[in-house]
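Notes follow once the structure below has been shown.
Residue numbers start at 1 and run along the sequence shown. The analysis underlying the following values was restricted to heavy atoms, covering all of them including side chains, and did not include hydrogens, waters or symmetry mates. Each ligand, and each atom within it, is numbered from 1 in the order the structure gives.
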Amino acid sequence: MSPNSNFPMRRRILRSGAALGAALFTTPGLFAEQLVATPSSTEGPFYPDHLPLDQDNDLIIINDSTTPAVGEITHLTGDILDSSGEPVRNATIEIWQCDANAVYLHSADSGRKKNQQDQNFQGYGRFETNSKGEYRFRTIKPVPYPGRPSPHIHFKVSKGDRELLTSQIFIADFEGNKKDGVFRRLGDAAAKKQLQTTFAPVKGSSIGELAAHFQIVLGRTPDERQLKNDRKSS
Ligand SMILES: [Fe+2]
């Protein structure tokens with residue numbers, strides 16, 4: 001190998017580096033492509049087998065009942081973005097979780113724990129994102145249950161008849177997370193971090209309400225790409 005043989009290669013690298021730099025400055029949205037998609041996780045066995053009549057985003061009150069669910073009231077808010085950072089509007093987000101007594105709205109669970117079920121907890125809710133891709137729910141802070149030491153809120157995002165993401169929201173730094181099989185299988189520390197959020201006291205709340213914010217980034221599927229192109233061309 002001659003002493004200069006590396007030079008053309010080096011020049012090629014520099015040139016491609018310059019080209020890349022130019023591309024970064026001239027391609028709109030390229031930096032935004034850095035958003036990492038929210039990891040998926042198992043749906044689990046307790047997506048309601050019979051959806052409740054009341055499917056709104058307030059899981060604390062069923063219909064116009066005056067008795068709220070038992071548990072720490074939590075205002076869960078967030079937004080849904082695509083991988084380029086654009087809000088995903090009119091997406092449907094569904095959440096479901098067990099009640100404060102660890103009973104799911106599923107006959108396989110509530111059937112055998114009938115006397116324990118909190119009849120005032122809706123157990124399931126849905127919401128359609130607004131023009132900013134935002135969603136909101138009022139629910140309870142999730143609790144652990146036998147077999148799942150990590151409290152979690154299940155969620156599913158869909159648009160039209162396409163399911164885009166199924167995963168779970170965990171409590172940041174909750175001790176039981178380390179012992180939870182589903183949590184442990186989420187992947188590396190970054191993936192685990194993405195699925196955790198804090199449940200912080202709402203300032204001034206006399207009844208100890210909590211607030212949790214959870215952002216969802218959807219990975220781009222070919223269908224979504226097609227949708228985008230359709231939108232542009234329409
Ligand atoms: Fe669960």
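Vertex the Fe ion (ligand 1), arms ending at OH of Y145 and NE2 of H152: the angle is 100° after rounding to 10 degrees.
Closest of all the heavy-atom pairs between A102 and K113 is O-NZ, 3.0 Å.
Aromatic ring pairs are classed by plane angle as parallel below 30°, tilted from 30° to 60° and perpendicular above 60°; the pair H152 and H154 is perpendicular.
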Inset, instruction - Give the C-alpha distance, both sets of side-chain angles, the deciding distance and a yes or no for side chain to side chain contact (heavy atoms under 4.5 Å, CB included) between V157 and T38. - result: CA-CA 11 Å; V157 177; T38 302; over 6 Å; no
Inset, instruction - Under the side chain to side chain contact (heavy atoms under 4.5 Å, CB included) rule, what do N101 and Y145 come out as? Steps first, then yes or no, please. - result: CA-CA 8 Å; N101 301 326; Y145 56 86; over 6 Å; no
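Coordination check, C98 versus the Fe ion (ligand 1): failed, since every N/O/S atom of the residue sits at 2.8 Å or beyond. Residue contacts to the Fe ion (ligand 1): Q168 brings no N, O or S atom closer than 2.8 Å.
Here the N, O or S atom of H154 that is nearest to the Fe ion (ligand 1) is NE2.
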